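Fair warning: this is a prediction, and the values are worked out from it, not measured in the lab. Computed from heavy atoms alone, side chains included, the values below leave out hydrogens, waters and symmetry copies.
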Amino acid sequence: QVQLVESGGGLVQAGGSLRLSCAASGRTFSTYAVGWFRQAPGKERDFVAAITGGGGTTYSTESVKGRFTISRNNAKNTVYLQMNSLKLEDTAVYYCAATSRALIAGNYRGTGYWPYWGQGTQVTVSS
């Protein structure tokens with residue numbers, strides 16, 4: 001089992017940057033894939049990006065490609081989401097999630113694929 005704690009959210013102007021962190025407990029963190037999701041008010045929780053346990057493969061949704069980068073440091077049990085060129089529509093609560101399952105094409109975009117979740121961190125982009 002793994003426990004996740006997000007940090008790094010805040011208020012930023014459009015065009016700015018933030019780096020979110022997802023700190024995990026457990027000695028087998030490198031065996032877990034980690035994903036980032038976000039949920040805007042009144043909307044569903046949507047997939048943003050994911051990274052395999054070893055960090056060799058990443059996936060991201062089309063709307064953030066070229067702007068957001070997911071990475072991990074298994075020695076620190078931490079996954080990062082570097083967010084650049086932020087837009088108003090990036091405003092949401094961002095959640096990290098973990099799974100011991102392989103990231104099968106398409107399946108990992110659903111919230112049901114991920115059994116472990118953090119509490120979320122608010123990101124607000126202002127004009």
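When only modelled atom types and interatomic distance are considered, R72 and N74 share a side-chain donor-acceptor pair under 3.5 Å.
The other members of the hydrophobic cluster of Y95, by chain and number, are F37, F47, Y59, V93, L103, I104, Y108, Y113, W114, W117 (side-chain heavy atoms under 4.5 Å, ILVMFWY only).
Residues passing the side chain to side chain contact (heavy atoms under 4.5 Å, CB included) test with S60, sequence neighbours excluded: A49, V64, K65. Among residues two or more places apart in sequence or in another chain, the side chain to side chain contact (heavy atoms under 4.5 Å, CB included) test is passed with T78 by S21, A23, K76, Y80. Judged as a side chain to side chain contact (heavy atoms under 4.5 Å, CB included), and not counting sequence neighbours, the contacts of V12 are L18, L86, V125. Checked against side chain to side chain contact (heavy atoms under 4.5 Å, CB included), S126 has the following partners two or more places apart in sequence or in another chain: L11, Q13.
Within the structure, every pair that satisfies the salt bridge (Lys or Arg N to Asp or Glu O under 4.0 Å) test and touches residues 35-44, not counting sequence neighbours, is listed here: R38-D90.
Y32 and S100 make their closest contact through CD2-N, 3.7 Å (heavy atoms, listed as atom of the first residue, atom of the second, distance). In plain terms, the two heavy atoms of A98 and P115 that are nearest each other are O-CD, 3.2 Å. In terms of heavy-atom proximity, S17 sits nearest to S85 at OG-N, 4.3 Å. Looking at every heavy atom in both residues, V34 comes nearest to C96 through CG1-CB, 4.5 Å.
The 12-atom threshold is exceeded at CD of Q122, counting heavy atoms of other residues, nucleotides or ligands nearer than 6.0 Å.
Residues I51 and F68 are members of one and the same hydrophobic cluster, defined by side-chain heavy-atom contacts under 4.5 angstrom among Ile, Leu, Val, Met, Phe, Trp and Tyr.
Taking CG of N77 as the reference point, atom CZ of F29 lies at 5.5 Å (rounded to 0.5 Å). Separation of atoms OG (S63) and NZ (K87) is listed at 7.5 Å; rounding is to 0.5 Å.
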- Residues S71, Q82; criterion side chain to side chain contact (heavy atoms under 4.5 Å, CB included); working and verdict: CA-CA 8 Å; S71 63; Q82 178 67 44; over 6 Å; no
Evaluate the criterion side chain to side chain contact (heavy atoms under 4.5 Å, CB included) for residue pair W36 and E6; output intermediate values, then yes/no. CA-CA 10 Å; W36 285 97; E6 302 96 334; 3.9 Å; yes
Q) Between L88 and S127, is a side chain to side chain contact (heavy atoms under 4.5 Å, CB included) present by the stated rule, with each step listed? A) CA-CA 7 Å; L88 296 178; S127 59; 4.1 Å; yes
* **Pair M83-L20, side chain to side chain contact (heavy atoms under 4.5 Å, CB included): steps then yes or no** => CA-CA 8 Å; M83 306 186 296; L20 305 184; 3.8 Å; yes
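At distances below 3.5 Å, not a single donor-acceptor pair connects side-chain atoms of T91 with backbone N or O atoms of T124.
Between Y116 and T99, every side-chain heavy-atom pair lies at or beyond the 4.5 Å cut-off. Side-chain contact between D46 and R109: absent, with no pair of heavy atoms (C-beta onward) separated by less than 4.5 Å.
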